[in-house]
Each structure stands twice: as structure tokens, then as C-alpha cells.
Amino acid sequence: MRKVLPLKFFNRPTLAIARDLLGKFLVCKTHDEKFAVMITEVEAYDGPHDKASHAHRGRTKRNEIMFGEAGRWYVYLIYGMYSMLNIVTGPKDYPAAVLIRGGIVTEGGKWKVKDGKIILNGPGKLTQFLKIDNTLGERRAEKKSGCWIENRGVKIKKSDIKKSPRIGVEYAKEWAEKPYRFYIDH
DNA sequence: AGATTGATCCAT
DNA sequence: TGGATCAATCTG
């Protein structure tokens with residue numbers, strides 16, 4: 001079973017989407033290579049009041065895509081060297097997105113192997129592996145854009161989903177403590 | 001704990 | 001226009 005998630009999948013509450021993305025497959029065709037990664041770690045950035053979100057200080061040229069239609073990629077550069085891959089969620093004009101932070105490679109490429117699995121633990125490593133940069137930004141998560149998400153029938157038990165505060169957002173005060181990071185063990 | 005690295009944003 | 005900031009990663 002390989003079903004490409006329709007764009008309407010992303011026009012739902014952001015926290016639910018974040019949880020539902022665990023066990024789904026991020027598939028990319030870039031530079032004549034095909035990669036597939038089972039998503040194991042995500043973070044939600046939900047709404048204009050989320051102080052950890054780029055949208056918290058209002059609409060700018062950079063974060064405008066977060067206010068746009070659901071199912072588009074939001075890619076940006078951090079610390080001058082790492083691209084972060086997010087998928088825009090929720091209705092138009094409501095700024096929200098899910099950051100894809102980690103996964104297990106099932107097709108393509110070569111990387112560090114741990115316990116027989118190729119682990120991408122960290123959002124910068126994931127985009128490096130998939131050769132994603134901001135040229136993907138603002139495109140839709142569908143086949144013709146080169147990157148999309150599939151349901152391949154993997155079931156994740158609700159009891160296997162772990163939560164924690166988000167990484168690297170200590171500045172966000174009370175929002176930094178919210179359990180908006182979801183992950184499953186490798 | 002410190003260096004890396006550059007786009008973005010806002011105050012000077 | 002300049003400088004502070006930053007959803008990270010590596011090395012030690």
C-alpha cells in the first residue's frame with residue numbers, strides 16, 4: 001500500500017497532523033536520486049500566539065508561507081548551514097507548520113549505519129541526506145514537486161508515541177515547555 | 001563549552 | 001546599514 005497523502009490531510013489541527021506523520025514516509029526525487037524515509041520525529045508550530053513559531057512576530061516575507069494553504073513545504077536556513085524542512089498545516093491565514101526532525105532511511109543514499117538501520121536523528125541531517133534546500137520552499141507536497149509524503153500502511157500504536165518539549169526554543173518562555181515534539185523509538 | 005555560517009529582521 | 005538572532009551539528 002502506497003498512498004500519497006492528499007493536500008487536505010494537512011488542513012486539520014496541527015498537533016493531530018504531527019502525531020499522524022509518525023510512521024509515514026517522506027519520499028523525495030532529487031538530483032536523479034530517489035529517497036524514502038520513515039518519519040520518526042516531528043515538532044508542531046501552531047498558530048500566531050506560539051512564541052516558538054516564526055509566525056509569532058507577524059507576517060514577514062520569510063514566514064508568509066506559514067500563513068498560506070496547507071500542504072506546502074516551508075524550508076529555511078538556520079545557523080548559516082542547515083535547512084529545516086516543514087510542512088504547512090491548517091487553514092489559510094492561520095500560521096502553522098510541522099517540522100520534520102528525524103527518520104529512518106528505507107530507500108536510497110548512503111549514511112551512517114546504526115544497528116543495521118540508517119538513522120537520521122536531527123532536522124539538519126535529514127535535509128542534508130535528502131539534498132533538500134530552499135529551492136523546494138513553497139512547493140506543494142505532491143509528486144510533481146519532487147517531495148511528498150506517503151502512507152505505506154505502517155501502523156503506529158498510540159502508546160508508542162512519545163512527547164517532549166521542542167528542541168532549541170528555550171527563548172519561548174511558557175511555550176517552550178509545551179509537549180509539541182512527538183517521536184517514536186528506533 | 002565553543003566554533004561554525006549566512007539569511008533575516010529590526011533598531012540605530 | 002549594522003548587529004543580534006537563530007526550530008543545529010560537530011568536536012573536544
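Side chains are part of it too, since the values below use all heavy atoms of this structure and drop only hydrogens, waters and symmetry mates.
Which of C/dT9, C/dC6, B/dG6 sits closest to the side chain of A/Pro123 comes down to C/dT9. Here the side chain of A/Tyr79 is nearest to one of C/dA7, C/dA8, B/dC9, namely C/dA8. Closest to the A/Met81 side chain, of the nucleotides B/dC9, B/dT4, C/dA7, is B/dT4. You'll find that the side chain of A/Ile78 is closest to C/dC6, out of B/dC9, B/dG6, C/dC6.
Two rings, from A/Phe129 and A/Phe35, have their centers less than 6.0 Å apart.
If you measure from atom CG of A/Asp46 to atom C1' of C/dA7, you get 15 Å, rounded to the nearest angstrom. Remark: P of B/dT8 and CG of A/Leu77 are 9 Å apart, rounded to the nearest angstrom. Atom pair A/Asp133:CG and B/dG6:C1' shows a separation of 14 Å (rounding to whole Å applied). With rounding to whole Å, A/His54 atom NE2 is found 12 Å from C/dA8 atom C1'. Atom CG in A/Leu85 sits about 16 Å away from atom P in C/dA7, given to the nearest Å. Here C/dA8 presents its P atom at 10 Å from CD of A/Glu41, a figure rounded to the nearest Å. Nucleotide B/dC9 holds its C1' atom 16 Å from the CE atom of A/Met66, rounded to whole Å. Between the P atom of B/dC9 and the NE2 atom of A/His56 lies a distance of 15 Å, rounded to the nearest Å.
Annotation for A/Arg152: atom CZ counts as buried by contact number, over 12 foreign heavy atoms lying within 6.0 Å. Heavy-atom neighbours of A/Lys51 NZ from other residues, nucleotides or ligands within 6.0 Å: above the threshold of 12.
Both the sub-6.0 Å distance and the 45° axial angle are not jointly satisfied by A/Arg72 relative to the ring of A/Tyr74. A cation-pi arrangement, defined by a distance under 6.0 Å to the six-membered ring centre and an angle within 45 degrees of its axis, is present between A/Arg62 and A/Tyr76. Cation-pi geometry between A/Arg12 and A/Phe9 is met: the NZ or CZ atom falls under 6.0 Å from the ring centre, inside 45° of the normal.
With A/Asp46 contributing its side chain and A/Ala96 its backbone, the two residues share no donor-acceptor pair below 3.5 Å.
Evaluation of A/Tyr45 against the base of C/dA7 yields a stacking contact (centre distance < 5.5 Å, interplanar angle < 30°).
Among the atoms of the strands shown, only primed sugar atoms or phosphate atoms (P, OP1, OP2) are found under 4.0 Å from some heavy atom of A/Ile167. Residue A/Asn86 is in base contact, counting any heavy-atom pair closer than 4.0 Å across all strands shown. Residue A/Arg62 is in sugar-phosphate contact alone, with no base atom involved, counting any heavy-atom pair closer than 4.0 Å across all strands shown.
For A/Tyr171 and C/dA7, the shortest distance from a side-chain N or O to OP1 or OP2 is below 4.0 Å. The phosphate of C/dC10 has OP1 or OP2 within less than 4.0 Å of a side-chain N or O from A/Lys125.
Summary of the strand contacts: A/Tyr82 and A/Thr60 both lie near DNA chain B, and taking for each the nucleotide with the nearest heavy atom, the more 5' one is attributed to A/Tyr82.
Checking B/dT5 for Watson-Crick or G-U wobble geometry (two distances, each under 3.5 Å) identifies no partner in any strand. The partner of C/dA7, taking Watson-Crick or G-U wobble pairs whose two distances both stay under 3.5 Å, does not exist in any strand shown.
Shown here for A/Lys162 and A/Asp185, the closest heavy-atom pair between the two residues is NZ-OD2, 2.8 Å.
Shown for residues 92-104 of chain A: residues whose heavy atoms fall under 4.0 angstrom of DNA chain C, namely A/Leu99, A/Arg101.
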